[in-house]
Amino acid sequence: MGVSAVTNMCSHLQNAARGKLGLTSVPNIKYNLRLALAMHRAGFISSVTRGGPSPPPLEALSTYQPEVVTHANVSSRRLWLGLKYWDNRPVMSNVKSVTTPKRPITLSVREMESVVRGFKRGYVPGLELGECLFVSTDHGVLEAREAIAKNSGGLVLARVS
Amino acid sequence: MSTTPSARCLLTKRLVKTPRTILQRSSNAPRRTAAFSPATSTTATSTCQSSHGFHTSNACHARRKRFSSVQAEKLGLITPERTEKFAQRFFPRYDKEDYKKLKQIYTPDQIKAIKAGEESIDPKDLAIQGRWRTDQYRFPYWDDFSHFLPSVDKHPETTDMGELQVDPKSRWMTQEEFDQDWAKFLAERVPNEVKEKLSKGVVTWGEVGHLYEPKPQDLWEFVTNRSKFAGGYLADKQSMTSLAPALPAKVPGVAGLYELEDSQEESEMQDMPEEENVRAERAKAIKKLQAQHAIGLGGMDGKRNQERRNWEMEQRISNSPEQREKEKKKEEEERLKQRKDRMMARLAPTGPAKEKYGWSDKMLENIQLRIIEAKRVTNQTRLGKVQSVRYTVIAGNGDGWLGVGMTKGIDSTTTPLKARALAIMNMRPIRRYEDRTIYGTVKSKFGGTAIELYSRPPGFGLRVPHNIWHICRFVGIKDLAAKMPRASNPMNTVKAVVQALHNQKDPEEIARGRGKKLVDCRRVYYGGQVY
């Protein structure tokens with residue numbers, strides 16, 4: 001699973017946002033969860049809720065208590081993500097995975113610094129206005145600027161804008 | 001065929017009935033009215049009478065109403081009492097208190113007009129006929145029609161000299177009028193010392209000629225710039241007929257109007273009242289002056305030499321550096337003014353530019369126009385090729401406003417004018433980062449033309465294709481890079497660039513969408529001294 005799940009999540013989120021969905025779900029995997037939390041921090045996602053196959057009640061997204069995970073139900077656990085819209089447009093309209101299972105792409109801190117400033121490094125084109133880069137580092141999944149602040153490079157997961 | 005098409009039915013009826021109706025009518029009735037009069041025959045069926053006969057389909061009758069309509073009067077909504085009550089409530093007459101307040105604002109004449117208005121308009125009429133608009137299309141302002149709004153009001157007729165060329169009231173000056181005019185002209189130029197002497201009575205107007213002689217410049221000004229018309233508004237304006245007094249003997253229509261009759265004048269002087277006597281004396285003195293000057297022009301006598309010396313002195317003064325600088329400044333101002341006038345004339349070939357476009361003077365002064373493309377295009381029809389011209393014009397003020405005008409027409413004189421006007425009217429603001437570049441990267445595509453615009457740091461310059469360069473200059477973008485990977489059609493380029501410039505991202509909006517606070521570090525770091 002790993003990176004391929006993240007890739008799937010990226011395309012799913014883009015489709016869901018362009019389809020103007022309010023709430024969508026992705027498989028509940030650690031990698032997905034970390035990326036979702038990083039996106040939440042960056043402001044692309046309004047809520048991250050653990051749940052089952054059916055969505056949690058909308059009014060209790062932040063207080064919802066999921067049922068206990070067992071061997072029997074673990075495969076059907078989902079992460080329910082609230083999507084954001086502003087000015088009749090999705091806040092997150094482009095989500096593209098950078099690393100694919102076939103071609104992992106990593107960036108060092110120095111490289112990441114120049115990418116964040118808008119210059120191309122290796123396979124990663126520079127960031128444009130309003131773009132974010134999510135990187136899997138030793139400190140968990142972080143936004144590129146957070147990663148630079150923590151002085152750690154890593155595997156480039158997705159570009160979001 | 002129970003449902004016969006009504007048109008055909010009518011047509012046949014008319015064809016059959018027409019001769020008879022003509023016969024029945026009196027002979028002086030026009031034939032056309034008879035032929036087109038509705039079927040008057042008694043045999044016409046009901047379907048024929050009810051339909052108009054403009055189409056072949058069956059007439060669609062109005063649905064029978066389920067409820068008969070109730071009139072407002074019967075409901076008691078517009079009884080005379082209610083109308084009056086409404087009128088009193090919404091259109092009350094001014095009372096004494098109101099007039100007291102009005103008097104503070106308006107002049108007595110205006111108050112009179114207000115009173116007349118109050119008397120002439122019945123509040124009941126206002127209540128019944130007036131509409132108090134509450135719909136969303138009502139005007140968002142109260143208009144007392146005291147100002148001219150170019151976008152709403154009809155344009156007033158201009159009373160420009162160019163449009164009213166003929167002045168019916170104007171006529172040539174008579175000899176006396178001419179003399180008076182000449183005297184008036186000279187009186188403006190007589191030196192102050194002579195004027196003083198005149199006022200004290202030391203010298204008379206008759207003796208002025210010994211003390212003062214008009215300069216050649218003055219004479220030249222009189223001949224070229226002074227109007228020889230009397231009456232009408234042309235009297236005060238510069239006329240093209242200023243040399244008319246020199247022509248009397250030769251021009252047939254003018255001959256005899258400007259005769260010098262000294263003997264007649266002298267006899268007239270004795271009968272004149274005192275004031276006119278003085279005036280005539282003055283005129284005579286001036287005539288003497290003229291005569292003297294004529295001699296001066298012919299031979300170089302002492303006076304003429306003196307004059308020449310004076311003129312040389314003046315020349316010397318006028319050639320001093322300060323004078324030259326002053327003149328230079330004046331010339332520069334004049335040039336700028338002419339440029340502005342030319343610009344205004346270009347913006348609006350007919351009528352004032354400001355009222356046409358509704359922009360302020362400052363905005364109009366800075367507007368630049370450029371024809372990006374003038375192209376002859378052809379429409380191939382079955383009747384042949386139809387040629388026309390297409391113009392693409394851009395307008396900008398060099399400070400963040402851009403407009404595009406595109407027109408197609410037959411002639412290449414009015415079409416670009418229309419394109420220009422359209423370009424100015426289409427002007428919209430363009431967002432610029434630090435008033436020098438765009439926000440981020442923008443891509444757009446129009447037809448086969450794709451465009452990528454990249455924002456660049458200060459001092460980068462405009463490294464863009466030439467058509468985009470012109471647009472950037474007009475908008476006031478100084479740092480930009482661009483790529484046109486595909487077609488470079490000028491019209492599509494303009495459209496694509498405009499599209500791109502209007503679709504720039506807004507960092508503030510992005511931040512708001514993500515719930516972040518945004519601070520531009522450049523401004524903070526450089527203390528607001530970035531540009």
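A, B, ... follow the sequence lines: proteins, then strands. Residue 1 opens every chain.
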*Can you name the nearest heavy-atom pair linking A:Gly130 to B:Ile510, along with the distance?*
CA-CD1, 4.1 Å
*Rounded to the nearest 0.5 Å, how far apart are CD of B:Glu509 and CH2 of A:Trp86?*
6.5 Å
*Side chain, backbone, both or neither: which part of B:Lys516 has a non-hydrogen atom closer than 4.5 Å to chain A?*
side chain
*Does atom NE2 of B:His502 have more than 12 heavy-atom neighbours from other groups under 6.0 Å away?*
yes
*Any idea which heavy atoms bring A:Leu129 and B:Lys505 closest together, and the distance?*
O-NZ, 3.2 Å
*asked:* With rounding to the nearest 0.5 angstrom, report the SG to CZ distance, A:Cys132 to B:Arg514.
replied: 4.5 Å
*asked:* Would you compute the distance between atom NZ of B:Lys443 and atom CD of A:Glu128 and round it to the nearest 0.5 angstrom?
replied: 6.0 Å
_Can you tell me if A:Arg50 has over 12 outside heavy atoms packed within less than 6.0 Å of its CZ?_
no
*What do you reckon, is CZ of A:Arg34 surrounded by more than 12 foreign heavy atoms closer than 6.0 Å?*
no
*Assess whether atom NZ of B:Lys418 is packed by more than 12 heavy atoms of other residues, nucleotides or ligands within 6.0 Å.*
no
*Within a reach of under 6.0 Å around CZ of B:Arg473, are more than 12 heavy atoms found that belong to other residues, nucleotides or ligands?*
no
